[in-house]
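Below is one structure, written out as structure tokens, with a few remarks after it.
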Amino acid sequence: MPKGSDLLVAALENEGVDRIFGVPGEENLDVVESLRTCSIKLILTRHEQGAAFMAATYGRLTGKPGVCITTLGPGALNLTTGAAYAFLGAMPMVMLTGQKGIMSSRQARFQIVDVVTAFRPITKLSRQIVNASSIPTLVRDAFRIAMEERPGPVLLELPEDVAAEQSEEIAMVARHPIEIPIAHRAALDRAAEMILNAKRPLIMLGAAASRPRSTAGIGGFVRRTKIPYFNTQMGKGTVAGGSNLYMGTAALSERDYVHEAVDRADLIIAIGHDTVEKPPFIMGPNGPQVIHVSYTPANVELVYFPQCEVVGDVGPSLELLADRIEGRLHHAGALLSLREAILSRIGDRATEDRWPPTPQRIVHDVRKVIPEDGIVALDNGMYKIWFARNYRTYVANTLLLDNALATMGAGLPSAMMAAMLFPDRRVLAVCGDGGFMMNSQEMETAVRLKLNLVVLILEDSAYGMIRWKQAVDHFPDFGLTFGNPDFVKYAESYGAKGSRVESTGDLIPTLERAFKGGGVHLVVVPIDYTENTRVLIDELREKLKTVAEPAM
Ligand SMILES: Cc1ncc(C[n+]2csc(CCOP(=O)(O)OP(=O)(O)O)c2C)c(N)n1
Ligand SMILES: [Mg+2]
């Protein structure tokens with residue numbers, strides 16, 4: 001007779017789960033025992049947050065839920081940031097948490113937190129399993145909910161007595177393919193008419209454009225219509241950044257060079273925009289009209305209120321839209337004349353030799369050592385704006401950044417997940433000295449898993465982004481600097497390799513050596529952040545001749 005934990009593991013196998021990340025507690029021991037003899041690999045992490053970031057990134061990169069497991073109370077609560085990361089970032093994930101027995105309570109209230117309620121606001125579904133026989137259906141439901149648009153995290157709590165409960169053999173619920181409906185004909189007709197009437201159209205690719213199922217159809221739409229495009233931070237790569245229609249990335253909300261095109265457009269076709277991202281442009285009463293194309297309807301916001309919506313499976317819907325307008329667009333390339341000026345300003349000073357290197361130089365040098373299909377995963381800090389703005393992408397999901405929760409600490413775990421999924425591609429984590437230290441203990445996990453992974457730490461001995469914002473707001477420099485460990489020795493103490501870049505010209509060779517050497521290799525380089533103010537404040541302000549700072 002199977003017990004509850006056997007049914008849980010069988011249900012996970014039924015979903016095609018191949019690995020589970022986490023830190024078990026005593027309430028999970030039946031599940032751990034059921035896992036021991038099954039096809040699913042249990043990957044221990046050194047903090048539950050790392051497990052959640054890895055599982056969420058699995059969901060982000062595959063479209064299928066990543067799975068993580070923790071104990072009750074303290075372990076479960078350590079998942080909250082990862083849950084919010086997946087919830088805001090629309091990443092499918094299933095979290096399994098333990099709990100004390102619910103049929104009797106021999107430990108009174110020891111360690112008991114109402115986890116199911118605590119997770120309600122940061123999950124699509126949060127439920128306790130109350131008997132073993134319901135496990136196959138609950139697990140099937142959890143995976144469906146996590147995966148369906150808009151994807152996100154689900155939590156199932158399995159109390160230890162339900163995990164140990166003997167049950168009848170219960171059949172699993174078979175999976176079947178689910179097609180997403182295609183946009184309504186009337187919506188496609190209306191959108192086609194707006195595009196045909198536009199004098200200066202522009203496409204914008206947002207976060208949902210990067211869903212694994214979206215990317216092929218979107219590329220086709222851009223190529224067939226030849227309308228120039230820009231992207232949000234999380235929409236990077238959906239259509240090659242090297243294409244001659246790429247106008248730039250909106251890393252700031254307004255007044256950046258790319259906004260010269262945005263401000264002149266009379267129509268923006270926003271594909272997959274999710275307003276969870278920091279706004280890529282600000283809609284106003286006199287600005288361009290907007291067509292929202294996505295899996296789900298637009299959220300109406302102060303800064304985003306599209307006049308037309310094409311809701312449905314994005315790729316096939318765009319194919320039908322392209323059928324209506326291909327070859328009939330007389331002004332498709334109207335804004336292309338701005339392209340060269342925008343991109344050359346963005347690429348300005350990318351090869352400057354200054355020591356320590358500038359963010360522009362670091363982005364430039366990283367691009368040189370990462371092949372087109374290589375993956376760069378960022379943590380959160382000042383450099384994220386520079387990478388979003390300056391790093392060209394050629395393949396979807398090759399610059400993984402979080403412009404949704406924008407949490408620190410996800411850079412290393414998300415890079416580790418990418419390295420697990422794509423062992424043949426170069427994977428680089430780029431972290432600030434602040435964000436890296438928030439989950440640096442996962443270096444041990446990376447070494448244990450024998451990953452090939454390079455971690456680049458940008459050292460300014462500060463929470464640089466906040467320190468910069470403090471200066472922009474004319475506060476005195478106070479309270480945002482810290483000391484660091486010797487990162488080379490720190491890496492070596494984990495059994496990883498470590499290198500310090502000693503001159504600007506040394507960055508590319510050091511990264512090359514790190515990739516060629518294989519294994520886990522930490523590279524630390526100091527960074528000169530004086531460019532933050534020179535470019536992002538002074539230069540952009542000068543460009544517009546208005547005294548205002550970019551909206552961060
Ligand atoms: C978990 C978390 N805590 C705090 C913040 C606020 N925050 C955003 S960027 C930043 C500083 C990042 O410092 P570091 O990682 O060293 O990168 P730097 O900006 O110095 O390059 C802070 C504290 C955050 N986004 N996430
Ligand atoms: Mg820093």
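Atoms within each ligand, like the ligands themselves, are counted from 1 in listed order. Quick note: numbers below take in every heavy atom, side chains included, and nothing from hydrogens, waters or symmetry partners.
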Should Asp353 and Arg361 count as an ion pair when the cut-off is N to O under 4.0 Å? yes
Could you check whether any heavy atom of Asp379 sits closer than 4.0 Å to an atom of ligand 1, since that is the contact criterion I want to use? no
For atom 23 (C) of ligand 1, the option (of Met408, Lys469, Arg467) bearing the nearest heavy atom: Met408
Got an N/O contact under 3.5 Å between Met465 and ligand 1? yes
Please check whether Ala406 reaches ligand 1 - meaning an N/O of the residue sits under 3.5 Å from an N/O of the ligand, judged on distance alone. yes
When you compare ligand 1 with Gly434, is there at least one nitrogen or oxygen pair between them that comes in under 3.5 angstrom? yes
Can you find a heavy atom in the side chain of His521 that is under 4.5 Å from one in the side chain of Lys516? no
Please identify which atoms of ligand 1 are closer than 4.0 Å to at least one heavy atom of Gly435. 14 (P), 15 (O)
Which of the numbered atoms in ligand 1 are under 4.0 angstrom from any heavy atom belonging to Asp460? 20 (O)
Identify, by name, the N, O or S atom of Asp433 lying closest to the Mg ion (ligand 2). OD1
Is Ala462 in contact with ligand 1, taking contact as a heavy-atom separation below 4.0 Å? yes
Do NZ/NE/NH1/NH2 and the carboxylate oxygens of Glu260 and Arg345 come within less than 4.0 Å? no
Nearest 0.5 Å, what's the NZ-CG distance between Lys41 and Leu449? 5.5 Å
Cationic N near anionic O, under 4.0 Å, Lys489 to Glu492: no
Just heavy atoms, cut-off under 4.0 Å: does Tyr529 contact ligand 1 by side chain, backbone, both, or neither? side chain
Aromatic ring pairing Phe487/Tyr490, orientation class (parallel under 30°, perpendicular over 60°, tilted between): perpendicular
Short list, please: which atoms of ligand 1 are under 4.0 Å from a heavy atom of Gly464? 13 (O), 18 (P), 19 (O), 20 (O)
Quick note on ligand 1: atoms under 4.0 Å from a heavy atom of Thr407 include exactly 1 (C), 26 (N)
Starting at NZ of Lys236, measure out to CG of Leu400 and round the result to the nearest 0.5 Å. 12.5 Å
Check: Phe21 ring centre within less than 6.0 Å of Phe53 ring centre: no
In terms of side-chain geometry, is the basic nitrogen of Asp460 or Arg467 positioned less than 4.0 Å from the acidic oxygen of its partner? no
Nearest N/O/S atom of Asp460 with respect to the Mg ion (ligand 2), by atom name, please. OD1
Is it the case that the side chains of Trp355 and Ser503 hold a donor-acceptor pair, with the cut-off being a distance below 3.5 Å and no angle test? no
Backbone or side chain, does any N or O of Asp433 fall under 3.5 Å from an N or O of ligand 1? yes
Would you say ligand 1 has an N or O under 3.5 Å from any N or O of Tyr383? no
Please test Asp263 against Phe281 for side-chain contact (heavy atoms from CB on, under 4.5 Å), starting from the C-alpha separation and ending with a verdict. CA-CA 9 Å; Asp263 294 343; Phe281 65 97; over 6 Å; no
Could you confirm whether Gly464 has any N/O/S atom lying under 2.8 Å from the Mg ion (ligand 2)? no
The option among Asn380, Ile466, Ile457 carrying the non-hydrogen atom nearest to atom 8 (C) of ligand 1 is Ile466
Geometric N/O contact Met382 with ligand 1, under 3.5 angstrom: yes
